[in-house]
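A short write-up of the structure that comes next.
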There are 2 protein chains.
Amino acid sequence: MSNRDDVLEALGEVFRHYGYEGASIARISAATGLGKGSLYHLFPGGKDEMATAVITHIHDWFERAIFSPLRLTGDTDGMWDHVAAYFNRGGRVCLIGAFALADTRDRFATAITRYFTCWIDALALAYRQGGVENAHPMAVNAVLRVQGAIVLSQALGNTQPFETTIADLRLH
Amino acid sequence: MSNRDDVLEALGEVFRHYGYEGASIARISAATGLGKGSLYHLFPGGKDEMATAVITHIHDWFERAIFSPLRLTGDTDGMWDHVAAYFNRGGRVCLIGAFALADTRDRFATAITRYFTCWIDALALAYRQGGVENAHPMAVNAVLRVQGAIVLSQALGNTQPFETTIADLRLH
DNA sequence: GGAGAATTGTAACGATCGGTACAGGATCAG
DNA sequence: CTGATCCTGTACCGATCGTTACAATTCTCC
């Protein structure tokens, strides 16, 4: 595992798949190919710091690929393309959404709130630029439906709920 | 803790709050007031059986309070009342939805799929009885939005997304 | 009351948990 | 080449994990 971004990427997949408690250092070590020594050298704060770093990494990616373009260009269509690709058409879980459901929500509360607030606000701004009324409630609803679509697609083992939700969200 | 239902209720809260991995036997013992001996007497299959029993218990409650009335009377308004109360206006996590996001989804796949399928089908039937077109996609969307509303309400520490979602879903 | 079953608390099991210590390899400037 | 710094594999720490075993207690029914 060469650079820090690759490590954070692999780290994210482990947290995504097993949750915070289920992501043991042994599993993380296996997934990243890094021994405990390297892991604790990179993240002296241990698991807590690893999770914080992953959340920050994800937020940074969204900021660059989604939030910022949304604010600058107001291009919602392009955003849905990126969102659909990122979440692998409902086959990939939203780590931050998953963390919001368990006791991890309290530990990473500010980062979790920030992620969703940024997304909603950026989308609301884009809607407003497009002349949409009630832009903020619409943005809340849109983000909410993406999260629900992921849950349902995972639960049913079927990407259709996600696909039709994204298709529907594109209409506005 | 007197009867089995009370135990399952307390058990559910532990799984809800800490997730499957985070719900240790020690925590479960403390939450239920039952020693390890009693726990393994009630659930010889250990944690796995506890989780299965909780999921079944939840499904049974929904079947009685929500799915069945929905199929028989088609009263969607009454359903939303029960749903809002059960999920404490977004303050209470959907255990089965949460299980669908991590590796627990594979372990309890059939029960998870069954829960959501029952809900969607019952709601679709009610919509159809009410003369709604595209009843099934509408039902999928409604259940999906409830799940998303829970995620977002938890993430923001704010019940408003849940409240407005339920209010909106009542309109159809 | 007393035999038998059902329930319970306690102690212990091996395994694994997150985290630490540290010796030695790799790397690089001088 | 030398010394210092960075990096990493390994062994180990106490604590806790899920589970088992079992003796003691409580309950049930005759």
Side-chain angles (χ1 to χ4, degrees), chain A residues 1-57 95 98-99 101-109 111, chain B residues 1-57 95 98-99 101-109 111:
Chain A
M1 198 103 343
S2 49
N3 58 56
R4 193 165 203 267
D5 276 7
D6 289 341
V7 174
L8 287 172
E9 213 65 45
L11 219 41
E13 289 306 314
V14 180
F15 281 125
R16 239 182 278 273
H17 194 75
Y18 296 104
Y20 183 79
E21 312 279 351
S24 69
I25 302 292
R27 267 204 260 253
I28 291 171
S29 178
T32 57
L34 265 51
K36 286 191 180 187
S38 313
L39 244 22
Y40 277 88
H41 176 76
L42 273 164
F43 308 100
K47 236 174 107 167
D48 202 286
E49 187 178 338
M50 295 180 206
T52 305
V54 167
I55 295 175
T56 304
H57 180 250
L95 176 66
F99 272 16
L101 291 179
D103 65 328
T104 41
R105 143 63 229 195
D106 299 326
R107 202 187 313 226
F108 309 110
Chain B
M1 197 103 341
S2 48
N3 58 55
R4 192 165 204 266
D5 277 6
D6 290 341
V7 174
L8 287 173
E9 213 64 46
L11 218 42
E13 289 307 315
V14 180
F15 280 125
R16 239 182 278 275
H17 194 75
Y18 297 104
Y20 183 79
E21 311 279 351
S24 69
I25 302 292
R27 266 204 261 253
I28 291 171
S29 178
T32 56
L34 265 51
K36 290 188 179 186
S38 313
L39 244 23
Y40 276 88
H41 176 75
L42 274 164
F43 308 100
K47 236 175 106 167
D48 201 286
E49 186 178 341
M50 295 182 205
T52 305
V54 167
I55 294 175
T56 304
H57 179 249
L95 175 66
F99 272 16
L101 291 180
D103 64 329
T104 41
R105 143 61 232 196
D106 299 325
R107 202 187 316 224
F108 309 110

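A, B, ... follow the sequence lines: proteins, then strands. Residue 1 opens every chain.
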### Message
If the test is side chain to side chain contact (heavy atoms under 4.5 Å, CB included), which one of Asp6(B), Val14(B), Leu11(B) qualifies with Thr32(B)?
### Response
Leu11(B)
### Interatomic distance, Tyr18(A) OH vs dG18(C) P [rounded to whole Å]
13 Å
### Task
For the residue pair Phe15(A) and Phe99(A), categorise the inter-ring angle as parallel (less than 30°), tilted (30 to 60°) or perpendicular (more than 60°).
perpendicular
### Message
Without decimals, in angstroms, what is the distance between Tyr40(A) OH and dT20(C) C1'?
### Response
9 Å
## Note on the structure
Note: for Lys47(B) and Gly37(B) on DNA chain D, the residue whose nearest nucleotide lies more 5' is Lys47(B)
#### Entry: Base dT20(C) to side chain Lys36(A), donor-acceptor N/O within 3.5 Å cut-off
no
#### Entry: Integer-rounded Å distance: dT20(C) P and Phe43(A) CZ
15 Å
#### Entry: Steps toward side-chain contact (heavy atoms from CB on, under 4.5 Å) verdict (Asp48(B), Phe108(B))
CA-CA 9 Å; Asp48(B) 201 286; Phe108(B) 309 110; 3.8 Å; yes
### Query
His41(A) NE2 to dT5(D) P: how many Å, rounded?
14 Å
### Identified side chain to side chain contact (heavy atoms under 4.5 Å, CB included) counterpart of Leu8(B) within the set Val54(B), Asn3(B), Leu42(B)
Val54(B)
### Between dT16(C) (C1') and Arg27(A) (CZ): distance, integer Å
11 Å
### Message
Tell me the interatomic distance from Leu34(A), atom CG, to dC6(D), atom P, rounded to whole angstroms.
### Response
18 Å
### Value in whole Å for how far the P atom of dT10(C) lies from CG of Leu39(B)
15 Å
### Message
From the set dT20(C), dT8(D), dC17(D), return the single nucleotide nearest to any side-chain atom of Ser38(A).
### Response
dT8(D)
### Query
Glu49(A) CD to dG18(C) C1': how many Å, rounded?
14 Å
